[in-house]
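Working notes for the structure below.
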2 protein chains.
Amino acid sequence: MSGAKLLLVEDDPALSELLVYRFQNEGYDIRATPDGDDALILASEDTPDLVVLDWMIEGTSGIEVCRRLRRDKTTAHVPIIMLTAREAEDDRIRGLETGADDYLTKPFSPRELLARVAAVMRRVRPALAGEMIAVGDIALDPAAHKVTRLGQELQVGPTEYRLLQYLMESPGRVFSRGQLLDNVWGTSSEIELRTVDVHIRRLRKAIAVEGAADPIRTVRSAGYSLEAV
Amino acid sequence: MSGAKLLLVEDDPALSELLVYRFQNEGYDIRATPDGDDALILASEDTPDLVVLDWMIEGTSGIEVCRRLRRDKTTAHVPIIMLTAREAEDDRIRGLETGADDYLTKPFSPRELLARVAAVMRRVRPALAGEMIAVGDIALDPAAHKVTRLGQELQVGPTEYRLLQYLMESPGRVFSRGQLLDNVWGTSSEIELRTVDVHIRRLRKAIAVEGAADPIRTVRSAGYSLEAV
DNA sequence: CGTGAATGCGACACTATTGTGACAGCGTTT
DNA sequence: AAACGCTGTCACAATAGTGTCGCATTCACG
């Protein structure tokens, strides 16, 4: 499991099924539901990396789903791509107003949607889109699952790798231990906060190379951040 | 029988015959049928690598064939090139919506279609385009169905061959066990993930030669990749 | 300077993941 | 019918990774 988590909200069974196959084939971890209320529950249970949202759906309407996703803290920043009917200009505008990141008018080809999703993912979570990310002298290649520093390949364990990737996605930003546990370890983590310290230490050791400073900054009583060196 | 397997669904006998001749000449393993239902049966019996599908055909319509191909797990990912009448814009759009990968409007020259097919094949499965691929000191010849390392011919079983070919198509890239099952074994596989490990081991043993390192990298909790040695 | 809280660090038991040899089922060939 | 090659699973061995603990060290603040 390497791809980004998608949530598809689409009430046309044929289209939904088709898209699920296509996205799975591209390596995405996609779940689908035809129902707006259900979508909100799914999104809150396991925050997706991106939501594809049909405008016309059963239950809570697309625009309402969009609005509520934005209201909830855990999903407020999740990118949303809206699917709208062809001539519904008003809908499109209102959709973007409500906070959608992109839209696609029906009919569209699966490939078009794939391209849009990939584009948004590249912008928001480059590493999940398979894009190489670099911070200072450290480079991370998600496709090859490799980390290099100053051209030197580093040996990084699974958890340290995920931790590093997460830190690299927002360089300079300070994350609390709780945030790191939620985003790197996963939702249902009943893990000691201090465990984060240990993995930070292991990560520091793993990315240490001759003649390069420690890029991980400890912010006392706040958390850690990765600085460009 | 070396080239990629094509399935042509075309009810104009003259055109069909011409295309079959041309594609066979190019080394493709092509079968043709004028009937939509027949096409579905042929496709399920022996999954083709690509389908060329006329929009207007007898029996089940083109769009329906397209949709059903996508619905069936074993054929869901097979690229489809649609042949449409010149002015049928709506058809084209609906075709793409239904999951076709590319289209060609009649009339077209056989050469055009050959180019499209080759382009799609190169994108999807480079080795199936009949091109020799080499990674490090390993060379795989799809035409001759042979694998050599350091000039030495290797004895590789069928599954190991497909596995190696797939890994060689994206050297350095890490694939999860699930991805490998989907792409090497086929989408309908209800097979244990650990089975991949066993075949990786068999492949490792098969491609081991004196004085050469193991090119297969195990990425713990992620999958495997083939590195250029 | 003290002092308490926060963080760094090494060790350790435990768990999860992967490597490996063996085996039985199956279809094909001899 | 026997022999063979290939396949998918299994059980077990070998590793690698994980979470906690206890203690050392550092830091902010009076």
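Each chain gets a letter, A, B and so on, in the order the sequences are listed, and its residues count up from 1.
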[X] vs [N]: side-chain N/O to OP1/OP2 distance below 4.0 Å:
{"X": "Tyr224(B)", "N": "dG19(C)", "value": "yes"}
{"X": "Trp185(A)", "N": "dG19(D)", "value": "yes"}
{"X": "Ser221(B)", "N": "dT17(C)", "value": "no"}
{"X": "Thr218(A)", "N": "dA6(C)", "value": "no"}
{"X": "Arg202(A)", "N": "dC9(C)", "value": "no"}

Checklist line | Base versus backbone protein contacts along nucleotides 25-30 of chain C [heavy-atom cut-off under 4.0 Å; B, S, -] | finding: ------
Could you tell me how far apart [X] ([atom1]) and [N] ([atom2]) are, to the nearest whole angstrom?
{"X": "Arg204(A)", "N": "dG8(C)", "atom1": "CZ", "atom2": "C1'", "value": "8 Å"}
{"X": "Arg201(A)", "N": "dG8(C)", "atom1": "CZ", "atom2": "C1'", "value": "8 Å"}
{"X": "Asp214(B)", "N": "dT20(C)", "atom1": "CG", "atom2": "C1'", "value": "14 Å"}
{"X": "Leu203(A)", "N": "dT7(C)", "atom1": "CG", "atom2": "C1'", "value": "16 Å"}

When you measure from the side chain of [X], which nucleotide among [options] comes out closest?
{"X": "Ile191(A)", "options": "dT9(D), dT15(D), dT20(D)", "value": "dT20(D)"}
{"X": "Glu160(A)", "options": "dT18(D), dT9(D), dA28(D)", "value": "dT18(D)"}
{"X": "Arg162(A)", "options": "dA16(D), dT7(D), dT18(D)", "value": "dT18(D)"}

Item checked: Residues in contact with DNA chain C, drawn from residues 192-200 of chain A - heavy-atom cutoff 4.0 Å -> Arg194(A), Asp197(A)
